[in-house]
Amino acid sequence: MSGNEVFNPSPEFSSRAHVGSMEAYRDLCRRAEEHPEIFWAEQAEKEIHWFEKWSHAFEWHPPFVKWFAGAKTNAAYNCLDRHLETRGDKAALIFEGEPGDQRTITYRQLHEEVSRFANALKARGYKPGDRSIIYMPMIPEAVVAMLACARIGVTHSVVFGGFSAEALKARIQDLDAHLVLTADAGWRRGKELRLKDAVDEALKECPAVRDVIVYKRTGAAIHMQEGRDSWWHELEAQASADCPAEQLDAEHPLFVLYTSGTTGKPKGILHTTGGYITYTTCTMKWVFDLKEDDIYWCTADIGWVTGHSYIVYGPLSAGATCLIYEGAPDTPAWDRWWDIIERHKATILYTSPTAIRALIKQGEAWPGKHDLSSLRLLGSVGEPINPAAWEWYHRVIGKGRCPIVDTWWQTETGGILIAPMPGAVPLKPGSGTLPMPGVLAEVVDFEGKPVADDAEGFLIIKRPWPAMIRNIWGDPDRFQQQYFSRIPGIYFTGDAARRDKDGYFWVLGRVDDVMNVSGHRLSTMEVESALVRHPAVAEAAVVAKPHEITGQAVCCFVTLKLGDWDHHKLGLELRQWVAHEIGSFARPEEIRFSESLPKTRSGKIMRRLLREIVTTHTVTGDVTTLEDLGVVTKLAAQHDED
Ligand code: PRX
């Protein structure tokens, strides 16, 4: 593949697609751009159930926006109740546990489960405005937990099961949550991921938590604290299945999801109800071209935004059948995913470039053993997809028949902003292609002026869209400063990009100190703060280095306090320490010890130089502001000695 090939939609695909031509796509964009109020009001009326309507679609007082304010709706009602008549017996979830256990849950059954659990929460006094933490494996009950909270107006915050007790504690405290929903453990590579133990550890310093509700998944022996902990199944058994959905304001906080920013403290991204559910439902149809008989599989974990928007809210609101799988792709063998696709006849697969690269490494024989002919559409998310991974995904998995939708978005954007509508937009491997209707994306310079075609610049979005971030939980100043100060009143994505002569966007990566490891966001400062909490560490600087599978990997430069340290042993210990402080996905690839770190005269660590050292093993950039040039030369030379 030359790298600049264009793949046109096939006539068969286009003829069946929701948006089947460039004219149709351009028409949607024109209407959304010219009359956003009318366009979004039409989409909201068509796609979503409202108990009461709004008076106008949006109010924009940068950085704050309201969508459909005054209207009343409920995200869980949209995902469940409104389907009962037409899709009651349709599978909402097809679940496969790592050990091989399977369950199919219809919309009617899911509605009943959610209602029962919502009543159990109500019985314990939870009501609109309260906050919960969800720390669960990838099992249907995680979805039940989210929807039950949404049903009664409790704002949830899902914490990825791979996060440590430390990270969990910080999130519980920041959110001031009183309720934690968890499980004894989950299955991961044949081992138990002991979630309840981590909750117990975290709660030693979270006195505000009144209730911990525990789902029994593996049967692991766990400690249950009298008066605080209760079993999910016991509460559910006592609860009635009649629980009308709360009629909530469109701007009612639906969830907070913590993500890494440029400081050591994760930020709680706030999303609300009406705009979010409207936008995720629309993009589900536009980008995944969802049809009634699709079996849709998004391999993300619900602990990330992809899981929120494109496993739970978008697909269920659109009435999809969603596959969910609990475990690892290599358990029991590297064909687990292909086996799942074959057995369940999945039609849409949505995954990350990191996963694709890991699967490529295992060879074509694994997918070759399975019939993947049910697939009709493939998706990618989380990081730029390199041409080699794109080509393999297209040829080996999609057999050259399936379009690939490369979807660019962020925790903050709530839904996909740049991606092809597969029946309309020709694909260019590596490009997210064109923006969604109403998304006014542009590439600009430092002053906010558009750059020329093909020139690099900052990716910005000029107008609000319904699923956009509403605030950072408890920190409106940081919200304003982080996203709306670089160019006043305009959403700054933090990504670099270029736009080619056809208007296609090519996202190049972050321009701040945020790393992207396996499509997971991690801030250099977060890892640095974790490292300096270790008693041996005096100072630490963290940079991302390119990695064949995970895209980027964490590389740490560490100076030690005085002492006689065994560098090899300490290196291993520090890697483990970071995993303990943040989570195993953050475990550094490399720890490099140094006598000092390169700094500017004002004492700021020059990460740019360290980045250069780990990428090119030399330093060519401007070093005139360096305090001690010897440090850099030594660090660069060290690589050759290793
Ligand atoms: O740098 C971009 C990259 O991931 C960042 C957002 O990360 P997060 O909030 O964790 O959300 C990930 C899932 C939506 C972006 O700022 N990114 C995400 N998707 C793509 C991407 N980079 C290039 N191409 C993509 N398709």
Side-chain angles (χ1 to χ4, degrees), residues 158-160 162-163 255-262 266-271 276 279-280 283 287-288 298-311 313-314 350-357 378-387 389-390 393 404-420 427-436 439 441 443 456 458-461 467-469 472 482-483 491-499 504-523 526 544 550-552 583 585-586:
V158 183
V159 177
F160 170 54
F163 272 114
F255 67 86
V256 172
L257 186 58
Y258 285 85
T259 189
S260 297
T262 46
K267 44 191 181 182
I269 307 299
L270 172 66
H271 284 288
Y276 174 81
Y279 191 80
T280 50
T283 46
V287 178
F288 297 106
C298 167
T299 66
D301 190 282
I302 52 143
W304 308 109
V305 74
T306 308
H308 284 60
S309 303
Y310 298 107
I311 294 179
Y313 291 110
Y350 187 32
T351 191
S352 68
T354 286
I356 296 164
R357 288 190 294 265
L378 304 173
S380 169
V381 62
E383 53 191 305
I385 180 164
N386 49 308
W390 198 99
Y393 198 26
I404 297 179
V405 290
D406 177 357
T407 62
W408 177 87
W409 58 298
Q410 308 176 299
T411 306
E412 293 86 342
T413 69
I416 295 166
L417 292 198
I418 301 178
L427 309 174
K428 297 188 190 183
S431 168
T433 76
L434 302 171
M436 291 293 108
V439 172
V443 180
E456 281 181 26
F458 303 116
L459 180 62
I460 57 157
I461 314 293
M468 84 185 270
I469 175 175
I472 293 180
Q482 193 104 73
Y483 303 107
Y491 178 76
F492 185 74
T493 65
D495 275 353
R498 60 188 178 81
R499 180 157 65 173
Y504 278 47
F505 286 84
W506 301 76
V507 173
L508 305 166
R510 306 286 309 184
V511 293
D512 49 18
D513 288 325
V514 173
M515 301 176 282
N516 190 330
V517 179
S518 304
H520 299 151
R521 245 161 94 169
L522 197 59
S523 105
E526 225 174 323
T550 59
Q552 293 188 327
F585 69 95

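Note that ligands are numbered from 1 as they come in the structure, with each ligand's atoms numbered from 1 the same way.
With hydrogens and angles disregarded, a donor-acceptor distance shorter than 3.5 Å links the side chain of H271 to the backbone of A467. N516 places a side-chain N or O within 3.5 Å of a backbone atom of G382 that can act as its donor or acceptor partner.
A perpendicular orientation is assigned to the rings of F255 and Y276, their planes being inclined by more than 60° (bins at 30° and 60°). Between H520 and F160, the angle of the ring planes lies from 30° to 60°, which puts this pair in the tilted group.
Distance from atom 15 (C) of ligand 1 to its nearest protein heavy atom, with residue and atom name: D495 OD2, 3.2 Å. Considering only non-hydrogen protein atoms, atom 13 (C) of ligand 1 sits nearest to T306 OG1, 3.5 Å. Scanning the protein for heavy atoms near atom 6 (C) of ligand 1, the closest one is W409 O, 3.7 Å. Considering only non-hydrogen protein atoms, atom 10 (O) of ligand 1 sits nearest to R521 CD, 3.3 Å. Nearest protein neighbour of atom 25 (C) of ligand 1, counting heavy atoms only, is E383 O, 3.5 Å. Of all protein heavy atoms, the one closest to atom 23 (C) of ligand 1 is P384 N, 3.1 Å.
In the vicinity of V507, heavy-atom distances shorter than 4.0 Å reach the ligand 1 atoms 22 (N), 23 (C). Under a 4.0 Å criterion applied to the non-hydrogen atoms of T411, ligand 1 contributes the atoms 8 (P), 9 (O), 10 (O), 11 (O). The distance from ligand 1 to the heavy atoms of V381 drops below 4.0 Å at these ligand atoms: 13 (C), 14 (C). Atom numbering of ligand 1 starts at 1 in the shown order; those under 4.0 Å from a heavy atom of D406 are 25 (C), 26 (N).
In terms of polar-atom proximity, defined here as any N/O pair under 3.5 Å, T259 makes no such contact with ligand 1. Checked by distance only, ligand 1 and E412 stay at 3.5 Å or farther apart across all their nitrogen or oxygen atoms.
Checking S352, G432, G382 against atom 18 (C) of ligand 1, the nearest heavy atom belongs to G382.
A donor-acceptor pair shorter than 3.5 Å cannot be found between the side chains of T411 and Y258. Side-chain atoms of T493 and Q410 include no donor-acceptor pair closer than 3.5 Å.
Under the side-chain contact (heavy atoms from CB on, under 4.5 Å) test applied with Y491, the options I460, L417, I469, L459 reduce to a single match, I469.
At a 4.0 Å heavy-atom cut-off, ligand 1 touches N516 through the side chain alone.
With sequence neighbours excluded, the residues that form a salt bridge (charged side-chain N to carboxylate O under 4.0 Å, His left out) with R510 are D495, D512. Judged as a ring-ring contact (aromatic ring centres under 6.0 Å, His included), and not counting sequence neighbours, the contacts of F288 are Y296, Y310, Y350.
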